[in-house]
Amino acid sequence: MLGIISLQGLTRELSLYLESQVRVGLLGSGVGLSLVLGFGAAYACYYLSVIAKRPQLVAGGEALCRFLKQHCPAVTETYYPTVWCWEGRAQTLLRPFITVKPHVHYHNELIKTADGGQISLDWFSNDDDNTRYPDADTRPTILILPGLTGTSRESYILHMIKHSEALGYRCVVFNNRGVAGENLLTPRTYCAANTEDLETVIQHVNTLYPEAPLMAAGVSMGGMLLLNYLGKTGRQTPLQGAAVFSAGWEVFESATLLEKPLNWILFNYYLTTCLQASIMR
């Protein structure tokens, strides 16, 4: 009986304490503040020790390694991802809701391929107030390759163009056949393993501006396509430089991971739907 009374008293006291915490608010109590501070300290330690890291620089030779460290200091600096959203999948899902799209004025060009298809090129000439490279004939040109379902209107492409504009470069975005609102005129589309369309585009751009340095940058599947092209052509390419971002190095492993239930729901279904839409249209 005494135990029951003591238990009832303890329960009543605990209920009164919880009610007072609800009224005061969790942060208004020393216990709540200690929990918040403890969690914050633990999160900061985890972020600084596990998440924030220096890039792993892998170079084919010591000379290239020194060149990168001298001209691209970011490869030696610790990378601090967004503190409140550092996981890759979370960033990918959140980006469309907080993205900023700078205004870029393109002029479009359609070129034909040998098999009767057409490729859409969006040009940013960078003619206005270009003090670095006022001569259009010798102005460096950056060929930009978007990702799997990407076009010249993607936010990351627009920001790349804005950075290139500040450097005085001319840009041209390679939209794969059948995307960017263009008709698909052939029974084939595109993939990272087939470099024919890219070869056609590079030859076309180089013919238009033979005296201008030509470089290329590819993102995701665009990077995979660019790497395959470079591996195929080697030093015979007219490109004087190339950069690749977020490419899938292990393609088959990447495809297997995309088929896993969570990744399929978050990414693979969307990508597949976009590809189907271009065919259906």
Student: Quick one: sort the Tyr169 and Tyr133 rings into parallel, tilted or perpendicular, breaks at 30° and 60°.
Tutor: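 The arrangement is tilted - the two ring planes meet at 30° to 60°.
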Student: Report, as yes or no, whether the 6.0 Å neighbourhood of atom CD on Glu87 holds more than 12 heavy atoms from other residues, nucleotides or ligands.
Tutor: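 Result for CD/Glu87: enclosed.
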Student: In terms of ring plane angle, is the pair Trp264 and Tyr269 parallel, tilted or perpendicular, where the classes change at 30° and 60°?
Tutor: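 Rings of Trp264 and Tyr269: tilted, as their planes differ by 30° to 60°.
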Student: Please give me the minimum heavy-atom distance between Asn175 and Thr151, naming the atom from each residue.
Tutor: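 Shortest heavy-atom contact: OD1-CA, 3.4 Å.
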Student: Which atom names give the shortest non-hydrogen contact between Pro81 and Trp86, and what distance separates them?
Tutor: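 Where Pro81 meets Trp86 most closely, the heavy atoms are CB-CB, 3.7 Å.
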Student: Taking side chain as C-beta onward, heavy atoms only, is Tyr229 less than 4.5 Å from Asn194?
Tutor: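 A side-chain contact is absent here, since even the closest heavy-atom pair is not under 4.5 Å.
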Student: Can you tell me which residue among Val201, Leu208, Thr207 is in a side chain to side chain contact (heavy atoms under 4.5 Å, CB included) with His204?
Tutor: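 Testing His204 for a side chain to side chain contact (heavy atoms under 4.5 Å, CB included) against Val201, Leu208, Thr207 leaves exactly one candidate, Leu208.
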Student: Which pair of non-hydrogen atoms, one from Tyr190 and one from Leu275, has the smallest distance, and what is that distance?
Tutor: OH-CD2, 3.6 Å
Student: Ignoring hydrogens and geometry, is there a side-chain-to-backbone donor-acceptor pair from Asn263 to Glu259 under 3.5 Å?
Tutor: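 Such a contact is absent between Asn263 side chain and Glu259 backbone.
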Student: Give a yes or no on whether a salt bridge exists between Arg132 and Glu165, defined as a side-chain N under 4.0 angstrom from a carboxylate O.
Tutor: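 No salt bridge links Arg132 with Glu165.
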Student: Would you mind checking if Glu154 and Lys101 are paired as a salt bridge, meaning a charged N to carboxylate O distance below 4.0 Å?
Tutor: no
Student: Taking all non-hydrogen atoms of both residues into account, name the closest pair between Ile279 and Thr189 and its distance.
Tutor: CD1-CG2, 3.3 Å
Student: Specify the closest pair of heavy atoms between Thr186 and Gly116, including all atoms of both residues, with the distance to one decimal.
Tutor: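 Here Thr186 and Gly116 meet closest at CG2-C, 3.9 Å.
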Student: Just do the salt bridge (charged side-chain N to carboxylate O under 4.0 Å, His left out) check on Arg153 and Asp122 with the steps written out, would you?
Tutor: CA-CA 10 Å; Arg153 299 297 176 183; Asp122 281 322; 5.4 Å; no
Student: Would a 4.5 Å heavy-atom cut-off, applied to side chains only, mark Thr138 and Tyr209 as touching?
Tutor: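 A side-chain contact is absent here, since even the closest heavy-atom pair is not under 4.5 Å.
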Student: What are the two closest heavy atoms between Asn130 and Gly168, and how far apart are they?
Tutor: ND2-O, 3.1 Å
Student: Report whether Tyr156 and Leu167 are members of the same hydrophobic cluster (ILVMFWY, side-chain heavy atoms less than 4.5 Å apart, transitive linking).
Tutor: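 Yes, Tyr156 connects to Leu167 through the hydrophobic network.
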Student: Without hydrogens or angle criteria, can the side chains of Thr141 and Arg170 be said to hold a donor-acceptor pair below 3.5 Å?
Tutor: yes
